[in-house]
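Working notes, structure below.
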Amino acid sequence: MKTLEEVLQDWEAVIGLEVHCELTKLETKMFCGCKLEFGAPPNTHTCPVCLGLPGALPVPNRAAIQSIVLAGLATNCDIEKHTMFYRKGYMYPDMAKNFQTTQGPKAFCMRGHLDLTVDGRGAKERLFWEDLAEGETSENMTRTADGYVAHVGITRIHMEEDAGKMVHIGGGEGRIAGATHSLVDYNRAGTPLIELVTEPDLRTPEEARLFMHKLRQIFLTLGISDCSMEEGSLRADGNISLRRRGSKEFGTKTELKNINSFKNLHDGLAYEICRQAEVLEEGGKIYQETRHWDPSKKHTIVMRVKETADDYRMFPDPDLAPYDLSDEFIERVRAKLPELPDQKAARFERDYGLSSYDARHLVEHRFTTEFFEEACAEAGDRAKELAKPLANLALNDISAYVNAGEGIDFSKTAFSPARGVALVSLLAEDVISSKQAKEVFAAVLEEDKDPDAIVEERGMKQVSDTGAIEAVIDEVLAANPDKVAAYKGGKTGLIGFFVGQCMKAMKGQGNPKLINELLAKKLDA
Amino acid sequence: MAGFASMGVREIQVGLASKDFSAREVAQAALERIAKCDDEVHAYLEVTEELALQAADQIDEALASGKSPAEIGPIAGVPIAFKDNMNLKGTHTTCSSRMLESYVSPYTATCVARAIQAGGIPLGKLNMDEFAFGSSTETSAFGRTHNPWDLERVPGGSSGGSAAAVAAGLATVTLGSDTGGSIRQPGSFTGTVAVKPTYGVVSRYGIVAFGSSLDQVGPFARSVEDAALTLNAISGHDPLDCTSQPVDTDFTANLAEGAKGMRVGFVPAFMEAQGLEPEVKAIVEQAAKHLADAGAELVEVELPNAQAAMSAYYVLGPCEAFSNLSRFDSVRYGYCDPGHKDLGSQYEASRANGFGPEARRRIMLGSYLLSAGVYDKYYYPAQQVRTLITADYTRAYEKCDVILAPVSPRTAFKFGEISDPTSMYLSDMFTISINIAGNGGMSLPAGLGADTHLPVGVQLIGPQFKDENMFRAAAALEQVYGKAPLAPAFA
Amino acid sequence: MAQHVTERDVRDIAEYARIHLDPDEIVQMTVDLNSIIDSLKPITEYDLEGVVPTFHPIGSLSNVMREDVEVTSFTQEEALSNAPARQDDCFLIPSILGEGGDR
């Protein structure tokens, strides 16, 4: 099989996403007052409505409607005032009524978009952007300094309800295939669910990954969901088809399911693109089918072939009143819109003079955003001066720490934003070296003490006394006359050796910047 | 306690207030009468003796504490029974279907809860056509109900048990549900006052749905006042039903006003309808005359699109029923065909053997009508026709306060007399358009047919949310006809 | 009488509605459905150009919602009380795919 890079030379991938997001931050279900709770004992959060008992009737949760309108406003959608709930019929045991209450041709949110900034390694998956001049646009792509911005259309976001959960037994690994029985738990049935459908505007697995990532950040910022791909509160299905470069027609698409991480989304799409290319290049045919990504075997397998279009017998649900949202309702929701990640990044650039790269990456995660913002507040007048080292601290040390541990809530650790400010201040004032700063960072987390105290205790203050450093330099130069000669003979790379020797002699506490300067002065004299 | 069967709500409450008898004695008298007479009628599928006595004792306690019956509730001490599509916690709610034979309700319908809250003594659950599909109660999986006026005949349907129980004095009032005439037609067949209020007046929460946009709950009684008091007890906004409306009408308020000054609409086309029996036509004409004699003004009104109501109904009803009945799948409750190794065959066998022929037919029809391509041909136009029919009624009510019409084209028929489904559907020809438009309609007993000597009801149809109009006209006619008698064999 | 549905159609409809019908039941159901569908003809003959459908016969009622407030749920026992089959506090069903694989 060819690599993704090879395939994308000849083929253009056309990718659309269907994203499901459970509104886990609500108290209750979509159409009844049962509590939303992940992981409760089976069938302990049910009632006549979510069990689909005969005679039960649905009543929509106002907060769910507010949440979807919020999601629509945050993704640049038009809010459709006149909508209805429909019944989508299919008999499946996790669907208590055997129809799903969802929306029809008109959803609450229509015609939105998100812009993705793609650069670095990820941008390499897409071709031709380098041919554009900065600011120039071609199709949905606008060239930036070091990559491009992709404009991705959102067809709609509609409101619906989740199904129950099933456990399949007797089939090995809990798989449905080969199972002799299944167990059904309706706790999740009726969980408010929003489904976002994109236009087929994505061209690379990286763009799909970035879209999901950005969407997740937005939904987290809105506070409408915990967006856990692992627990299934955020799920993505990908629709993929290929077409020859230059062709305008769409190929037959397959649907990719079972994606429970950003990496799986990327890798599954990449695999599926390569698989389709191989089939097509060998003269084969792509069937419209649903495929399952198996991350352990790193391939996709067929789940279901769609011979004919599904016929869901959809019709407007007579049990639910239609919607006629007022401007007032929409404006009240709009007033609750928090600052979104893009807006925040722009503010970080503007107010703190951060680079666009740093600003964008800071807002990618809540823990980096929150740390940075609180630390800047803590720094007061010095915020602008300390912003860059604080950003570095967040993006490097803190990110590495959080990524290494599982499910760490960084705001609950001993490393408070105030201690962050203290640490970068020590660094900025040349009290400690950046290497020492890393040690202090680890020590603060370990010992729950202020950075100054740790530096004091460990006698870590770096030596910036010119006289003391010069004395050490003289000793080192005197001990290595041959290397001094070699340096003077042109091997200037030996400067590193001298710096190392000096640091060793000073037990790592010399100010490396100063050592460098003074060494150069002496050697070049 | 003597004479219970013929008592109305007021008589029971006067007796309770004056301590002539206790609520427990009322309950016991009712239970004894059911035990004695229901073998012949078979109105009841389940008798809730324990619940009845419990409720009665509570009322006796309240009376003993000094409360008057009216203070306890509008139907305090009144024996009441419920169509078996109404959930009452701890009772079977079978919808007269094998599908739900062993289903025990874990919750209570709002209207049932309100009836009991209002002092009703719950006697039990009443027979019906399976899932309310039918006009004769013959499609019940648990045996047919007999018309107390002639045990060889049907009581009508689908609320046949609710009608027969009242006509035979096996309950003072009952609740039924009406999707296309299922309260009014059996009301006409059994000579009882039978009310389908405007859609939205009574909560549908807990009523096993047939046609969600058509179903409405209403009372059966032997007097207009008893029906109004019962409706007072069960009506009003319910936060559990999105389609329920904030109604706080007192339906007894204008019963004494008489018909003087009322404008009564008369639809000439109805009187010329094919299949309308002369004896029924004569009674409707006579009722018009009685209203005119009482000072009402008769005005001719037109409902030009009413003839499309039948086909619209047989599109909308089955489509909604198909969807509503898809939940019966042998997983969470209901009939489960034994011995299947895969869910697909369990589904198909459970639904084939759990549902009777008429239910299967309607589910099949609905599934076809909602399928891709067919939806646009029938379902969508049917909802457009609904707009036209609703507009017809709105226009008609510019000229009148209430419309007088036949209920059923004929009197009660014999068991098995009508077997062809499309002919059976015709017995709803005068009642269906009211469900399509959502208005209230009621059947008022207006004597016996000249040929068959069986009860004939006349239908009074009110404007939406002005159900008090039909109550007022009905009360005026009741002045002429007298209160509905018990069926002679049960008097 | 017009043939609106064939026996083949009726078999498909029954499969979708998940109702098993024996061959003789298919024959009778086909006759019944054709007869009923025939009687629906008036609906197809109306001039309905520009008529707005009434999906909800509830007048101007709209935006009916409840507050996001928890209400007492069933106990686990109540939830499962009508289950035809149960295991491990769940509803128990036979193999979804069966031996024939995906449906």
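We name chains A, B, ... by the order of the sequence lines, and we start the count at 1 in each one.
- For chain B, no part of His56(C) is nearby; none of its heavy atoms comes within less than 4.5 Å.
- You'll find the side chain of Tyr333(B) stays beyond 4.5 Å of the side chain of Phe91(C), heavy atoms only.
- Using a 4.5 Å cut-off between heavy atoms, Tyr335(B) makes no contact with chain C at all.
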What pairs of donor and acceptor atoms, side-chain ones from residues 377-389 of chain B against any protein atom, are under 3.5 angstrom apart with sequence neighbours left out?
from      : atom 1 : to        : atom 2 : distance (Å)
Tyr379(B) : OH     : Gln383(B) : NE2    : 2.9
Gln383(B) : OE1    : Arg386(B) : NH1    : 3.1
Gln384(B) : NE2    : Leu48(C)  : O      : 3.2
Gln384(B) : NE2    : Val51(C)  : O      : 2.8
Arg386(B) : NE     : Ile436(B) : O      : 2.9
Arg386(B) : NH1    : Ser213(B) : OG     : 3.1
Arg386(B) : NH2    : Ser213(B) : O      : 3.2
Arg386(B) : NH2    : Ser213(B) : OG     : 3.0
Thr387(B) : OG1    : Gln383(B) : O      : 3.3
Thr387(B) : OG1    : Val52(C)  : O      : 2.4
Thr387(B) : OG1    : Thr54(C)  : N      : 3.2
Thr387(B) : OG1    : Thr54(C)  : OG1    : 2.6

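- With a 4.5 angstrom heavy-atom cutoff, Phe55(C) touches chain B via backbone and side-chain atoms both.
- Heavy atoms of Pro239(B) lying under 4.5 Å from chain C are absent altogether.
- Only the side chain of Leu61(C) comes within contact range of chain B, judged by heavy atoms closer than 4.5 Å.
- Neither the backbone nor the side chain of Ser326(B) comes within contact range of chain C; no heavy atom of the residue lies under 4.5 Å from a heavy atom of that chain.
- Of all the listed residues (Asp12(C), Val64(C), Ile43(C), Ile19(C)), the one sharing the greatest number of non-hydrogen pairs under 4.5 Å with chain B is Ile43(C).
- Taking a cutoff of 4.0 Å between a charged side-chain nitrogen and a carboxylate oxygen, Glu25(C) and Arg361(B) do not qualify as a salt bridge.
- Scanning residues 29-39 of chain C against chain B with a 4.5 Å non-hydrogen threshold yields Met29(C), Asp32(C), Leu33(C), Ser35(C), Ile36(C), Ile37(C), Ser39(C), sorted by number.
- With a threshold of 4.5 angstrom between heavy atoms, Asn305(B) approaches chain C through its backbone and through its side chain.
- A donor-acceptor contact closer than 3.5 angstrom is absent between the side chains of Asp9(C) and Tyr368(B).
- Counting only heavy atoms from C-beta outward, the side chains of Pro94(C) and Gln346(B) approach each other to under 4.5 Å.
- The closest side-chain heavy-atom distance from Ile58(C) to Gln245(B) is below 4.5 Å.
- Checked by atom type and distance alone, the side chain of Asn82(C) never pairs as donor or acceptor with a backbone atom of Gly334(B) at under 3.5 Å.
- For Val5(C), the part lying under 4.5 angstrom from a heavy atom of chain B is the side chain only.
- In terms of heavy-atom pairs under 4.5 angstrom with chain C, the leader among Pro357(B), Ala349(B), Ser330(B), Gly200(B) is Ser330(B).
- The contact between Ser244(B) and chain C is made entirely by backbone atoms, counting heavy-atom distances below 4.5 Å.
- Contact annotation: the side chain of Arg332(B) never approaches that of Arg86(C) to less than 4.5 Å [non-hydrogen atoms, C-beta and beyond].
- Within 6.0 Å of CD in Glu45(C) there are more than 12 heavy atoms belonging to other residues, nucleotides or ligands.
- Side chains of Ile13(C) and Ser367(B) form a contact here, defined as non-hydrogen atoms less than 4.5 Å apart.
- The part of Leu21(C) that comes within reach of chain B is its side chain, from C-beta onward, which places non-hydrogen atoms under 4.5 angstrom from that chain.
- In this structure, Ser350(B) OG and His20(C) NE2 are separated by 12.0 Å, a value rounded to the nearest 0.5 Å.
- In this structure, Pro106(B) and Phe74(C) approach most closely via the heavy-atom pair O-CE2, 3.5 Å.
- For a residue to count as touching a neighbouring chain, one of its non-hydrogen atoms must lie under 4.5 Å from one of that chain's; by this rule Ser102(B) touches chain C with the backbone only.
- Not one N or O on the side chain of Arg18(C) forms a donor-acceptor pair closer than 3.5 Å with the backbone of Tyr347(B).
- Rounding to the nearest 0.5 Å places CD1 of Ile93(C) at 5.0 Å from CG of Leu343(B).
- Between Leu369(B) and Leu40(C), the closest side-chain pair of non-hydrogen atoms falls below 4.5 Å.
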